[in-house]
Amino acid sequence: MTPKTTPLTCPAGTVLFSPGQECPGFVRLSKGTIRVTLTAANGREVVLYRVSSGDVCLQTFACMIDGRRYSAEGTAETDIIGEVMPHAAFRQSMTEDADFRAEIMQGVAHRFADFEQLVEDVALTGFDARLARVLLRLASNSDQIIATHEALAVETASGRAFVSRRLSEFARQGLVEPGRGRLVVLDRGGLERIASETN
């Protein structure tokens, strides 16, 4: 008999998996977001992707398919609700359930598209454009952004000091109003113009 899924409920800030940890099963979210980050030997951290309802976590997928351990960290960015599908149930569903298999493979394909965007942003896009895109994404629901310079450095795969310098320049141009642990977007159109630049 195939093991049933187990419920998963965690508050924001919970670390769900860490580098070197074994994978307990395939996570499927119905509510909330998981942020997956990678930390280099020098301590610099970068956001690889986020997992929301209907998304596939590539870290977990690789663990399930290849038997490897996690190489990144997954943290509940918001309160999350979901379920964990044990290895046996995942393998059986991938083998016998065509709809489930198609859903997972489509999710993996979408996730690779996210990685392509990440590579483009880091390797082929100027920093100001990258920072503007992050600010616009974080300000999608409100002009106020609750984020430290360190958190923005993680989002943009850069250093905190550099983020601070560029935010000061954005403020000088009237694009944002900085505050302690927060920013207010003043000129969304200006940020959008910068975000559209490719070098």
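Nothing here was measured: the structure is a model prediction, and the numbers come from that model. By convention here, the first residue in the shown sequence is residue 1.
With respect to R35, the salt bridge (charged side-chain N to carboxylate O under 4.0 Å, His left out) criterion is satisfied by exactly one of E77, E73, E45: E77. Paired with I80 under the rule side-chain contact (heavy atoms from CB on, under 4.5 Å), one option of T9, T14, L16 passes, and it is L16. Here the options are V56, V51, L48, the test is side-chain contact (heavy atoms from CB on, under 4.5 Å), and the partner is R111; only V51 passes.
Expressed to the nearest 0.5 Å, how far CD of E177 lies from CG of D187 amounts to 13.5 Å. Here E96 contributes atom CD and R91 contributes atom CZ; the two are 12.5 Å apart, rounded to the nearest 0.5 Å. We find the NZ-OG1 distance between K31 and T78 to be 8.0 Å, quoted to the nearest 0.5 Å. Note that the CD1 atom of I65 and the OG1 atom of T60 stand 11.5 Å from one another [nearest 0.5 Å].
In the hydrophobic clustering of ILVMFWY residues, with side-chain heavy atoms under 4.5 Å counting as a link, I146 and L186 come out apart. Linking ILVMFWY side-chain heavy atoms closer than 4.5 Å, directly or via other members, places L58 and V15 in two distinct hydrophobic clusters. Cluster membership for F112 and L38, using ILVMFWY side-chain heavy atoms within less than 4.5 angstrom, is shared. Taken together through direct or relayed side-chain contacts under 4.5 Å among Ile, Leu, Val, Met, Phe, Trp and Tyr, M85 and M105 form part of one hydrophobic cluster. Neither L136 nor V154 shares a network with the other; the hydrophobic side chains, linked directly or stepwise wherever heavy atoms of I, L, V, M, F, W or Y lie under 4.5 Å apart, form separate groups for each.
Ring-plane geometry between Y70 and F17 is classed as parallel, the angle between the planes falling under 30 degrees on a 0 to 90 degree scale with a further cut at 60.
The shortest non-hydrogen separation linking A76 to P11 is CB-O, 3.6 Å. Across all their heavy atoms, S71 and P19 have their closest contact at O-CG, 3.8 Å. Residue C63 comes nearest to C23 through the heavy atom pair CB-CB, 3.4 Å, listed as atom of the first residue, atom of the second, then distance. Closest non-hydrogen pair, V185 versus A139, comes out as CG2-CB, 3.8 Å. Closest approach of T156 and S158 over heavy atoms only: OG1-OG, 2.8 Å. For the residue pair L8 and C10, the shortest heavy atom distance occurs at CD1-SG, 3.7 Å.
Between L135 and L152, the closest side-chain pair of non-hydrogen atoms falls below 4.5 Å. The closest side-chain heavy-atom distance from R188 to R193 is not below 4.5 Å. Here the side chains of R182 and I145 are not in contact, with every heavy-atom distance at 4.5 Å or above. Inter-residue side-chain proximity for F26 and V84 is flagged as unmet; no heavy-atom pair is nearer than 4.5 Å. Put simply, the side chain of L183 does not reach to within 4.5 Å of the side chain of F170, judged on heavy atoms. Residues E83 and P7 fail the side-chain proximity criterion, which asks for heavy atoms closer than 4.5 Å. With a 4.5 Å cut-off on side-chain heavy atoms, V134 and L138 count as touching. Side-chain contact between T37 and V47 is present, with heavy atoms from C-beta onward closer than 4.5 Å.
D66 places no side-chain N or O within donor-acceptor distance of the main-chain N or O of R68, the cut-off being under 3.5 Å. T148 places a side-chain N or O within 3.5 Å of a backbone atom of A151 that can act as its donor or acceptor partner.
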Legend entry - Verdict with supporting geometry, I34 and L29, side-chain contact (heavy atoms from CB on, under 4.5 Å): CA-CA 9 Å; I34 298 171; L29 292 184; 3.8 Å; yes
Inset, instruction - Decide yes or no on side-chain contact (heavy atoms from CB on, under 4.5 Å) for T39 and R44, but give the supporting numbers first. - result: CA-CA 6 Å; T39 303; R44 181 169 292 181; over 6 Å; no
Inset, instruction - I would like to know whether Y49 and Q59 meet side-chain contact (heavy atoms from CB on, under 4.5 Å); could you show each step before the answer? - result: CA-CA 10 Å; Y49 54 86; Q59 282 281 315; 3.4 Å; yes
Inset, instruction - Would you sort out whether E169 and R172 count as a salt bridge (charged side-chain N to carboxylate O under 4.0 Å, His left out), showing the intermediate values? - result: CA-CA 5 Å; E169 177 60 22; R172 189 190 67 78; 2.7 Å; yes
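Shown here is E150, whose CD atom has no more than 12 heavy atoms of other residues, nucleotides or ligands within 6.0 Å.
Counting only residues at least two apart or in different chains, salt bridge (Lys or Arg N to Asp or Glu O under 4.0 Å) contacts with residues 11-30 comprise E22-R69, R28-E103.
A salt bridge links E155 and R50; the closest N-O separation between the charged side-chain nitrogens and carboxylate oxygens is under 4.0 Å.
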